[in-house]
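One structure is given here, and the rest of the page talks about it.
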Number of protein chains: 2
Amino acid sequence: MIEQIPRVVVLRLPLYIRALSVLALEGKEVVNSRELGERLQIAPAQIRKDLSYFGKFGTQGRGYNVKQLMGELRHILGLDRQWSMALIGVGRLGRAILSYEGFAPQGFRIVAAFDTDQRQIGKKIGDLVVQDIKEIASTVRERGIDIGVVAVPPSEAQKAIDALVDCGIKAILNYAPVGARVPGDVQLREIDPVLALQTMTFYLKASKG
Amino acid sequence: MIEQIPRVVVLRLPLYIRALSVLALEGKEVVNSRELGERLQIAPAQIRKDLSYFGKFGTQGRGYNVKQLMGELRHILGLDRQWSMALIGVGRLGRAILSYEGFAPQGFRIVAAFDTDQRQIGKKIGDLVVQDIKEIASTVRERGIDIGVVAVPPSEAQKAIDALVDCGIKAILNYAPVGARVPGDVQLREIDPVLALQTMTFYLKASKG
DNA sequence: TCCTGTGAAATACTTCACAGCT
DNA sequence: AGCTGTGAAGTATTTCACAGGA
């Protein structure tokens with residue numbers, strides 16, 4: 001029930017959740033695939049097909065109950081629990097990540113922060129104390145950390161990622177602009193605004209000079 | 001020569017450039033598709049096929065000249081020039097984006113910053129003065145802005161994006177965690193770490209409890 | 001001999017179209 | 001009458017496999 005789900009489908013589920021939460025805020029109780037598709041710019045059949053991988057959530061002739069479908073999807077993605085994260089790198093970028101308000105409301109908490117810089121270690125940032133990267137294995141165990149967040153300079157990124165993998169971490173969010181390598185059973189996602197920009201310029205070139 | 005290139009191919013070109021720049025730093029002069037593929041975890045045939053959409057860049061029996069291929073790809077993506085960007089929203093996130101050191105070396109410069117908050121307008125951040133969003137149209141024209149960067153609260157994002165579109169901007173990097181709508185000729189990329197996390201938990205759920 | 005460039009085959013993903021439930 | 005769920009058809013993308021140049 002896990003590997004036969006197309007990757008692209010899993011990538012779209014969070015989009016559905018996000019749209020449904022907007023609909024819920026607007027007070028809408030029921031939505032059909034056409035309307036949901038219009039908001040997301042996704043074909044209605046695509047949405048129905050995607051959902052069909054996981055079960056039957058709609059009512060024929062009516063559509064989907066907004067709150068119920070949102071709950072189902074959150075459960076499917078494992079979002080009906082808290083996830084604990086460890087941050088590696090408390091430089092400028094790392095500090096921005098620590099102060100980002102978007103994680104907590106979605107159930108993601110940063111519960112530990114690491115660095116290699118002796119001047120940073122021991123410092124308090126918010127309610128976290130920056131720890132030596134050497135303590136990572138024990139801390140991951142003690143605090144039940146599920147996800148690693150990497151915000152170190154590019155040259156240090158693979159090392160940081162290897163350290164996380166060695167602790168048994170199976171999901172890493174990498175803010176460093178490098179293509180890191182991980183074993184096949186480890187999930188890795190990159191947050192790299194420059195990559196995003198570089199794919200847009202290709203299309204800009206055509207319209208502009 | 002633009003619309004018949006598969007989207008996924010365009011998404012991979014920046015990855016090739018990034019890997020090639022590492023190889024160049026390492027002093028490697030020539031690389032073949034197998035080795036490049038190993039670094040990127042992409043099949044060699046995929047790389048050769050991708051490149052074949054744009055021309056013939058390799059030498060049979062040898063491979064690709066690293067610097068030359070990098071130059072070709074940079075040209076294809078339009079990265080052999082500077083791109084000017086306008087930031088909307090100078091809150092915590094916006095300020096982090098302004099101080100991000102990763103844009104300039106890749107030819108992306110933020111040359112204007114806007115906000116709606118009267119308390120922010122007129123303030124200096126680095127060498128930029130925060131401007132009223134009302135001035136956006138004239139500033140985009142005067143400073144030749146190509147790309148908009150949105151870092152406003154979710155509730156304001158669609159408004160900010162509409163303002164950019166109205167100025168004729170054709171590429172927008174959206175940091176606000178909302179699915180915004182743009183006309184078909186406008187490129188939009190989202191930077192949303194929560195979406196990335198939410199697609200990883202699906203796979204985590206299987207291994208962990 | 002080694003490795004590119006590329007048609008052809010295989011696979012993955014999307015869209016169609018309609019039976020069937022409400 | 002309206003809309004879901006889904007096989008089947010249609011596209012898109014990836015991989016194979018090999019001719020041919022260095």
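Just so we're on the same page: letters track the sequence lines, and every chain starts at 1.
Although no hydrogens or angles enter the test, the distance criterion places a donor-acceptor pair under 3.5 Å between the side chain of A:Gln41 and the main chain of A:Glu38.
A donor N or O paired with an acceptor N or O is not found under 3.5 Å between the base of C:dT22 and the side-chain atoms of A:Gln60.
A:Ser33 has a side-chain polar atom (N or O) that falls below the 4.0 Å cut-off from OP1 or OP2 of D:dT4. For the pair A:Lys56 and C:dC21, the criterion of a side-chain N or O lying under 4.0 Å from OP1 or OP2 is not met. Distances shown here put a side-chain N or O of A:Gln46 below 4.0 Å from the OP1 or OP2 atom of C:dT14.
Atoms CG (B:Asn65) and P (D:dA22) sit 16 Å apart, rounded to a whole Å. If you measure from atom OH of B:Tyr64 to atom P of D:dA22, you get 14 Å, rounded to the nearest angstrom. Following rounding to the nearest Å, B:Gln4 (CD) and D:dT13 (C1') show an atom-to-atom distance of 16 Å.
Checked by atom type, the side-chain pair B:Arg143/B:Ser84 shows no donor-acceptor distance below 3.5 Å.
In summary, B:Arg12 and B:Asp50 engage in a salt bridge, as defined by a charged side-chain N under 4.0 Å from a carboxylate O. We find that B:Lys67 and B:Glu29 are not joined by a salt bridge, their nearest charged nitrogen and carboxylate oxygen being 4.0 Å or further apart.
In the set D:dT14, D:dG5, C:dT4, D:dT14 carries the atom at the smallest distance from any side-chain atom of B:Tyr53. Of the candidates D:dC16, C:dG5, C:dC21, the closest approach to any side-chain atom of B:Arg48 belongs to C:dG5. When each of D:dG5, D:dC16, C:dT14 is scored by its nearest atom to the side-chain atoms of A:Arg12, the top-ranked nucleotide is C:dT14. Side chain of A:Ala45, nearest nucleotide from D:dT15, D:dT13, C:dT15: C:dT15. For B:Ser52, the listed nucleotide lying nearest its side chain is C:dT6; candidates were C:dT6, C:dT4, C:dT15.
Nearer the 5' end of DNA chain C, as judged by each residue's closest nucleotide, is the contact made by B:Leu51, out of A:Lys49 and B:Leu51.
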